[in-house]
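Structure, as structure tokens:
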Amino acid sequence: MEFYHLVNKRYSVRGYLSKSIEEEKINYILKVARLAPSAANRQPWKIYIIKDKNLKNKLCEAYPRSWLNEAPIIVVFVGLTDNNWIRNDGKDYLLCDVTIIADYFILAATEVGLGTCYIAAFDEKKVIEALNLPPNEIPLLMTPLGYPKENSIKERKRKEIGEFVVEI
Ligand SMILES: Cc1cc2nc3c(=O)[nH]c(=O)nc-3n(C[C@H](O)[C@H](O)[C@H](O)COP(=O)(O)O)c2cc1C
């Protein structure tokens, strides 16, 4: 798939079918995500793939939206705080690294016809409790993963290129 077409195909899916996801698709998405670059190649991440209904319910308590639980899988992108690259001036690149792997994951999911939605506005403590995460693992992003409902709303509001590009 042409890259522009792939990027244009992705949107925040907020309505899912209960249809289960083929294991080959998940394997393909993970094969792509594995290639994500990271600062100093630290790869300071974990990806939790949650299929268990009880755990999904708990995650939905951290971000109470009905559409999150409609998807057969919820994915949580976790940063490892004991292996993150920090610049000399103290700038922490963990969020940047985890965002990149999440992007790779989400675009690969889009390519194979699956819907996703970046979610950051969750209750961090509740996610930590639900997944029983150790102190060195912080959840930074999550997404539902599933087949989109046909009537999902597609928004496409973006700044014009001239509004965010500075050519000097
Ligand atoms: C880092 C990040 C965090 C986001 N968090 C949420 C969220 O908590 N809940 C939500 O419904 N959408 C969330 N979104 C989705 C954005 O609202 C959405 O990407 C944006 O409005 C553009 O729409 P589009 O994804 O359909 O192109 C998030 C997106 C990003 C990139």
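Both ligands and their constituent atoms are indexed starting at 1 by order of listing. Just so you know, residue 1 is the first one in the sequence shown, and it goes up from there. Values below: all heavy atoms of this structure, side chains included; hydrogens, waters and symmetry mates excluded.
- Proximity to A121 (heavy-atom distance under 4.0 Å) selects the following atoms of ligand 1: 8 (O).
- The nearest non-hydrogen atom to atom 26 (O) of ligand 1, considering only A120, C117, S12, comes from S12.
- Using a 4.5 Å heavy-atom threshold, the side chains of W85 and L94 count as separate.
- In terms of modelled atom types and a separation under 3.5 Å, the side chain of K46 and the main chain of G79 share no donor-acceptor contact.
- The pair E23-K51 meets the salt-bridge criterion, with a side-chain N (NZ, NE, NH1 or NH2) lying under 4.0 Å from an Asp/Glu carboxylate O.
- The proximity of R14 to ligand 1, defined as any non-hydrogen pair under 4.0 Å, is limited to the side chain.
- Nearest to atom 22 (C) of ligand 1 by heavy-atom distance, out of R10, M142, R158, is R158.
- For atom 9 (N) of ligand 1, the nearest non-hydrogen atom from the set W67, Y63, F122 belongs to Y63.
- Under the 4.0 angstrom criterion for non-hydrogen atoms, R156 is in contact with ligand 1.
- Any N or O atom pair closer than 3.5 Å counts here, and Y118 shares at least one such pair with ligand 1.
- In terms of N/O distances under 3.5 Å, ligand 1 is not approached by Y11.
- Cluster partners of I168, by chain and number: V166. The rule joins Ile, Leu, Val, Met, Phe, Trp and Tyr whenever side-chain heavy atoms lie under 4.5 Å apart.
- Distance alone, capped at 3.5 Å, is enough to place a donor-acceptor pair between the T81 side chain and the N136 backbone.
- Checked by atom type and distance alone, the side chain of D97 pairs as donor or acceptor with a backbone atom of A39 at under 3.5 Å.
- The proximity of K157 to ligand 1, defined as any non-hydrogen pair under 4.0 Å, does not occur for either the backbone or the side chain.
- Listed by number with element, the atoms of ligand 1 under 4.0 angstrom from any heavy atom of I119 are 5 (N), 6 (C), 7 (C), 8 (O).
- Apart from L35 itself, the hydrophobic cluster it occupies contains nothing, where clustering links Ile, Leu, Val, Met, Phe, Trp and Tyr at side-chain heavy-atom distances under 4.5 Å.
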